[in-house]
Q: 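After the structure tokens below, expect a handful of questions from me.
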Amino acid sequence: MKNTVSTDKAPGAIGPYSQAVRVGNMLFASGQIPLDPATGKFPDGIEAQTRQSLTNVKHILEAAGGSMDNVVKTTVFLSDMNNFAAMNAVYGTFFNEGSYPARSAVEVARIPRDALVEIEVVAVL
């Protein structure tokens, strides 16, 4: 059975998609751009944008009854691969060493609203 997951602690969907979908014990979270749901704005810089994107992911996981420890796979979309090291430094603070999820990181031509980063996750709850 498929159930949608949503929270007002992360930006609402701005199109025909869900913040996340849960199927059994699997959670598939849509890509999170660094939009602060309280202000509707992006923070400045790749570090702050990575932190906000992952905070949005964290809130979605919590709404589903999980945590960052449940994440098994992430995909990181960067507007510029030169930002990889700075993104990676912040990214590492959201996960416990020794149980990092699998990850792909790619540079893309453009991210919605010209964000510097977008992050999607798959979790097992």
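The residues of the chain are indexed from 1 along the displayed sequence.
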Q: Within the 4.5 Å heavy-atom criterion, are Ile46 and Val117 side-chain neighbours or not?
A: yes
Q: Would you check if the side chain of Asn56 reaches a backbone N or O of Ile33 as a donor-acceptor pair within less than 3.5 Å?
A: yes
Q: For the CD atom of Glu62 and the OG atom of Ser67, what is their distance to the nearest 0.5 Å?
A: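 The OG atom of Ser67 is 8.0 Å from CD of Glu62, to the nearest 0.5 Å.
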Q: Less than 4.5 Å apart, any side-chain heavy atom of Met68 and any of Leu61?
A: yes
Q: Is the number of heavy atoms from other residues, nucleotides or ligands within 6.0 Å of NZ (Lys73) greater than 12?
A: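 Yes, the 6.0 Å shell around NZ holds more than 12 heavy atoms from other groups.
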Q: What heavy-atom pair brings Asn70 and Gly66 nearest, and what distance separates the two atoms?
A: OD1-CA, 3.3 Å
Q: Between Asp8 and Pro37, what is the shortest heavy-atom contact and its length?
A: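 Between these two residues, the closest heavy atoms are O-CB, 3.9 Å.
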Q: How close do Thr74 and Val121 get, heavy atom to heavy atom, and via which atoms?
A: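 In this case the closest contact between Thr74 and Val121 is CG2-CG1, 3.7 Å.
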Q: Does a donor on one side chain sit under 3.5 Å from an acceptor on the other, for Arg103 and Asn88?
A: yes
Q: Is Ser18 close to Ser6 at the side-chain level, that is, under 4.5 Å between some pair of heavy atoms?
A: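 No. Closest side-chain heavy atoms not under 4.5 Å.
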Q: For a 4.5 angstrom cut-off between non-hydrogen side-chain atoms, does Gln49 reach Phe42?
A: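 Yes, close enough: below the 4.5 Å cut-off.
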Q: Are Val76 and Met87 close enough that some pair of their side-chain heavy atoms sits under 4.5 Å apart?
A: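 SC-SC contact between Val76 and Met87 confirmed.
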Q: Evaluate the side chain to side chain contact (heavy atoms under 4.5 Å, CB included) criterion for residues Val122 and Thr75: first the C-alpha distance (whole Å), next the side-chain angles of each, then the deciding distance (0.1 Å), finally the verdict.
A: CA-CA 9 Å; Val122 176; Thr75 305; over 6 Å; no
Q: Return yes if some donor-acceptor pair links the side-chain N/O of Gln19 with the main-chain N/O of Thr7 below 3.5 Å, else return no.
A: yes
Q: Thr55 and Lys9: side-chain donor and acceptor closer than 3.5 Å?
A: no
Q: Using the side chain to side chain contact (heavy atoms under 4.5 Å, CB included) rule, take Leu78 and Leu116 through it: C-alpha gap first, then chi angles, then the decisive distance, then the call.
A: CA-CA 6 Å; Leu78 293 165; Leu116 301 176; over 6 Å; no
Q: Tell me which pairs pass ring-ring contact (aromatic ring centres under 6.0 Å, His included) where either residue lies in residues 83-125, with sequence neighbours left out.
A: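 The answer is Tyr91-Phe95.
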Q: Any heavy-atom pair between the side chains of Glu118 and Pro34 that's under 4.5 Å?
A: no
Q: So how far is it from Ile60 CD1 to Leu27 CG, rounded to the nearest 0.5 Å?
A: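 CG of Leu27 is found 8.0 Å from CD1 of Ile60.
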Q: Closer than 3.5 angstrom, by distance alone: can the side chain of Thr93 be matched with the main-chain N or O of Val90 as a donor-acceptor pair?
A: yes
Q: Is any side-chain N of the basic residue among Glu47 and Arg51 closer than 4.0 Å to the acidic one's carboxylate O?
A: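 No salt bridge links Glu47 with Arg51.
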Q: Applying side chain to side chain contact (heavy atoms under 4.5 Å, CB included), run through Phe77 and Glu120 and close with a yes or a no.
A: CA-CA 9 Å; Phe77 303 96; Glu120 67 181 25; 4.0 Å; yes
Q: Please tabulate, one pair per line, all N/O donor-acceptor pairs under 3.5 Å involving side-chain atoms of residues 106-115, not counting sequence neighbours.
A:
unit_1: Glu107; atom_1: OE1; unit_2: Met81; atom_2: N; d: 2.8
unit_1: Arg110; atom_1: NE; unit_2: Asp114; atom_2: OD1; d: 2.7
unit_1: Arg110; atom_1: NH2; unit_2: Asp114; atom_2: OD1; d: 3.3
unit_1: Arg110; atom_1: NH2; unit_2: Asp114; atom_2: OD2; d: 3.2

Q: Tell me if the CG atom of Asn25 is crowded by more than 12 foreign heavy atoms within 6.0 Å.
A: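 Counting neighbours around CG of Asn25, more than 12 heavy atoms of other residues, nucleotides or ligands fall under 6.0 Å, so yes.
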Q: Do you know which two heavy atoms are closest between Ala64 and Leu125, and how far apart they sit?
A: O-CD1, 3.7 Å
Q: Pair Gln32, Val57 - check side chain to side chain contact (heavy atoms under 4.5 Å, CB included), show working.
A: CA-CA 7 Å; Gln32 293 300 301; Val57 166; 3.7 Å; yes
Q: In the structure I gave you, are the side-chain heavy atoms of Asn96 and Asp69 within less than 4.5 Å of one another anywhere?
A: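 Yes, their side chains come closer than 4.5 Å.
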Q: Are Met26 and Val124 close enough that some pair of their side-chain heavy atoms sits under 4.5 Å apart?
A: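 Counting from C-beta outward, Met26 and Val124 do come under 4.5 Å.
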